Each structure stands twice: as structure tokens, then as C-alpha cells.
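These notes concern the structure reproduced below.
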Protein chains: 2
Amino acid sequence: MRLKTINSWLGIRAEVLSRIYDRTWKPGDLIPKEIDLAFEFGCSRTTVNRALRELAEAGTLERRRKSGTRVSLNPANKATLKIPLIKNEVNKIGKTYGYKLIQRKLCLPPDKIKNKMRINSGIKILHILALHTANDLPFVIEDRWINQHVLPESEKQNFKEHSANEWLVLNAPYTHGTISFSAINSSAENAHLLSIKSGAAVFEIERNTFDKENAITNVCLTYERGYRMLTTF
Amino acid sequence: MRLKTINSWLGIRAEVLSRIYDRTWKPGDLIPKEIDLAFEFGCSRTTVNRALRELAEAGTLERRRKSGTRVSLNPANKATLKIPLIKNEVNKIGKTYGYKLIQRKLCLPPDKIKNKMRINSGIKILHILALHTANDLPFVIEDRWINQHVLPESEKQNFKEHSANEWLVLNAPYTHGTISFSAINSSAENAHLLSIKSGAAVFEIERNTFDKENAITNVCLTYERGYRMLTTF
DNA sequence: AGCTGGTATATGTATGAACATATTAATAAG
DNA sequence: CTTATTAATATGTTCATACATATACCAGCT
């Protein structure tokens, strides 16, 4: 019955959220169909569709053809994490970024890496160990393997001035990847590099990127003690 | 000059990704404007817009009015984490979910919680400690504070059968929240609950949810040893 | 130089109409 | 009673068109 004219998709999204919030539409409820909402809000179905689609992508709504749109039972608490370049991450917290290459050489990867990157036995690949610092204090250990057979250019890079992290972003397009977060007790070597006690809990991010079926790189980032990864929703 | 007819937004998104991938368009490059792409792909600008908008949301492209669209310099490695109900998380790995309430009482929160939830001194709020199990083995410790002044219904719940986690999803609408991930050395109490050695590194997720300016709940989830949070991109 | 205002331009949004597609519900065949 | 077929329907997508809006660029002024 054409009560309001919130005729922008942002306005409609806000109104729908508000109705979910004030429990006019409760979790699990079916909400009116697009045409009816369009009439009520005094806009076209296209606009309603845009608003509802965004909410469905965010996990707030669930939509099915013919059935209709309902409020999600578990609002999928989706958090989107931005994984920035370490350099940017350090700059963002107002500290001075530093980088130091510790090791760079071709060697046989351990079984774990061999499996993850699908490297045959006896094949040497590029291993890089580096330290990123914030105000000259250890910030992150970058322990990286690069498949130089897939990425021949990488063999010409010495990674002395700039981290592999940065070079890869510009020069290694990927199709997909995996990422995992975990907590581990730091090894003696890592503890030494980070100037912490051996065994101290540290936050680790492991990332694998692929070019179709070929693994490009595997990196394990070990963060300074007390590091927190934050986001909002 | 109308070479192909990939005239669906998904097709166009794929084609654009492919061109970025094969380095026809390199990071930082300006790509043709919507109208030109529409002509080339033999579709309307609306469709191109949809494809490019999605890619911009994903962080692959950066768009500015008048300037145009360019390939992101740092493809914002955005990973979207789905934070499911613990029950669903356990079921997903094919294990039997269990829940045990350890403690539930009104008490004075420590300073840390008081600050985060903006609770005045001397005010008691609801504290819940519970253990979630997978195949009868400890999986997650849920250490939660609920502001029962904002959420009066919560005081009537005993949380014996179902976790606060589940009740809140259905009964506590929120406007926004924060989430943080970290690694810590487990305390003696948590180690005991999780049947691990005190000091072992454990993964922690801390979440705060708000109803406008009022904090609804603060929860700290401490996961079993070796837990990994995974996602793909 | 620096500031001001105007203009051109690429993206952003809205519309109504049309057709596509998934899925439910009704119906007919076995 | 069960299963295959068909119709109905809500969302999904595309289109041509129009207008809105941010902003880069330029001209003219101080």
C-alpha cells in the first residue's frame, strides 16, 4: 500500500535490515516477494532485486526460485578478512617497515611442502626465508617456497631489497588458493628470529596459491607474539 | 569490433579475469570503459557494469567515476571466513556434537570485559562458561558474557541444553560487531578443560556484538589443540 | 603561483519490459 | 499408490534508456 518511498537499493536494504532487526521478519520467516516489495516501496522490481541480492550475498537472506526469500536462520557470520601486504600492514599501525632476507636457495622441499605443492621427488625448488620488521623489531617471519618451474622469472630475482611477497603480487597471477590460520608453539629457530621464548604461542598464516593445477607458491607467515588479526562485521 | 559474445555477466567476469591472468591487463593498468567493453562483448553496458562491479567488490578491480576502471595493484587478498555455529562446524567434520554447561552466574566482569562492553563498575552481568565437544572430546571452550540489561530474555535461559551461541543467533539481533583471531598459550584452567598441557598454543576467537551503542555479548572461543581455520579464494 | 568555477566524462543507479530458469504444485499415467 | 508430465510462479538475468554523481581537466581570474 505504498507507505514509503525508499526508492534506492541502499534504502531498501536498510529498511529490510531494520525489519529483520526489529523482528517484524524473524529468522526463518518468508518475506514478501519482490513485486510486492517493489509496490510497497514504490520502486521497480529491479531495485528490490538488487537490495535483496546484496543481503543474500552477505548471508542475511536466503533466496530460492519459486519458493521466495527468507531470513537466514544462521546469519552465516561471514567475516571478510583483508590480507594486505605486510608492508602495508606495518605502515597502517604507524610503524616503520623493514625487510631482511635471511636465506634464498634452491633446495629439496620437505615432504609436507612436496605434497602441498605437488612437486616430484628429487626436484629442487626455490626456498626463501625472510624477516619483516616494524620499527626495527621482528614482525613476521616469511618462510616461502616458490615453484620456479611454473614461474621462471622468479629465479632471476634475488629478493634482497623487496620481499617475494611484493614481487609475486605484481608478477604471479593465480587462479585460486587456500589459506589457513592456526596457533602453534614457536620452534627454537623462529623464537630466535622473533626474539621470543621458544614455545611461546604464535599466530601462523599459511597460504597456497595455484595457477590452475600448478602450485605457484606456499608461504608460512609467523607473526610476532601477541599478534591479533582483526575485522568487523 | 564485436569479437565474441560472452553475453552474460558471469562470462564477462571470467573473460576479464582471464585477461588479467594472461597479463593483457596488468596490475595498475586502466581497462577499457564500460561502453567499449559492452560493444566488444556484444552486450549492454548494464551487463558489463554488473561483471565489473562484482570484480571490484572482490578487490580485483578498482573503479572511480570519470577516471575509469583499473586492475588492482594489490589484489586485496580478501578471504571471506564463514563463522558457523559450533554445532554445525562439528557436524561438518563428521563428528558427534556435544555440549556441557560448566558455569552460569551473574557476576562482576573483569576490567577488560567491562571496557569492551562499556559496563559501569559494580554492575553484575551474566557469565557463561561451557564446553563444546566433538565425539566426546573437548573441542571449544565458550567463555561468554551477556549483557542481560540489553537482552532481558537471556536471564530466563538456563543454557543447560543448548549453548548461548545458538540461543543468541535466534534471539539477539545485532547491528554490528568485531572479531579477532589470535594465538595464546593456554592457561592452566583452559588446558585442563581441553585435556592438553598447560601452555600449549591454542587458537582463540574473540567476538563482540552490538545493538547500536549497547554491547550485547562478548565471547571468547578457545579451540582444541591443532585447530586450523581454513578458507579458499 | 594558487584559486574558482564550469564542463566533459565514466561510473552509479533506476526503470519497465522481456525472457530464462529453478522449483514447487498440480495433474495424468502407470 | 507411485511416478512421470505439465503448469504455475518467484527469482535470475538481460536490455535500452535515462538521469545522477563524482571528479579530472581546463579556462579565467587574482
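Computed from a predicted model, the values in this text were never measured in an experiment. Letters go in sequence order (proteins before strands), and every chain restarts at 1.
- Rounded to a whole Å, the CD atom of A:E62 is 16 Å from the C1' atom of C:dT23.
- Below 30°, between 30° and 60°, or above 60°: for B:Y174 and A:F233 the angle between ring planes is above 60°, a perpendicular geometry.
- Taking atom CG of A:L37 as the reference point, atom P of C:dT15 lies 14 Å away to the nearest angstrom.
- Listed nucleotides C:dA22, C:dT13, D:dT13 differ in distance to A:K66; the shortest reach to its side chain belongs to C:dA22.
- Looking at the side chain of B:S8, the nearest of the listed nucleotides D:dT14, C:dT15, C:dT21 is D:dT14.
- Checking the phosphate oxygens (OP1, OP2) of D:dT14, no side-chain nitrogen or oxygen of B:S44 falls inside 4.0 Å.
- One can place CG of A:L55 at 15 Å from C1' of D:dT11, the figure rounded to the nearest angstrom.
- Note on B:R50: only backbone sugar-phosphate atoms sit closer than 4.0 angstrom, heavy atoms only; bases stay farther off.
- Within the 4.0 Å cut-off from OP1 or OP2 of D:dT11, at least one side-chain nitrogen or oxygen of A:T69 is found.
- Considering only the side chain of B:R53, C:dT13 comes nearest among D:dG12, C:dT13, D:dC15.
- Taking only distance into account, the side chain of A:R63 never meets the base of D:dT11 through a donor-acceptor pair shorter than 3.5 Å.
- Remark: C1' of C:dT15 and CZ of A:F39 are 17 Å apart, rounded to the nearest angstrom.
- Residue A:T46 is in base contact, counting any heavy-atom pair closer than 4.0 Å across all strands shown.
- Between A:R64 and the phosphate of C:dT24, there is a side-chain N or O to OP1/OP2 separation shorter than 4.0 Å.
- Side-chain atoms of A:D29 come within 3.5 Å of backbone N or O of A:K26 as a donor-acceptor pair.
- The aromatic rings of B:F159 and B:W167 sit perpendicular to each other, their planes meeting at more than 60°, with 30° as the lower class boundary.
- Under the 4.5 Å side-chain criterion, counting only non-hydrogen atoms from C-beta, A:T175 is in contact with B:Y21.
- Distance, A:R45 CZ to C:dA17 C1': 10 Å, rounded to whole Å.
- Protein atom NZ of A:K33 is 8 Å distant from nucleotide atom P of D:dT9, rounded to whole Å.
- Side-chain rings of A:H132 and A:F139 stay apart, their centers remaining 6.0 Å or farther from each other.
- Note: CH2 (A:W9) to P (C:dT15) measures 14 Å, nearest angstrom.
- Neither OP1 nor OP2 of D:dT11 sits under 4.0 Å from any side-chain N or O of A:S67.
- In the set D:dC15, C:dT15, D:dT21, the nucleotide with an atom closest to the side chain of B:T47 is D:dC15.
- Rounded to whole Å, atom P of C:dG16 lies 12 Å from atom CD1 of A:I35.
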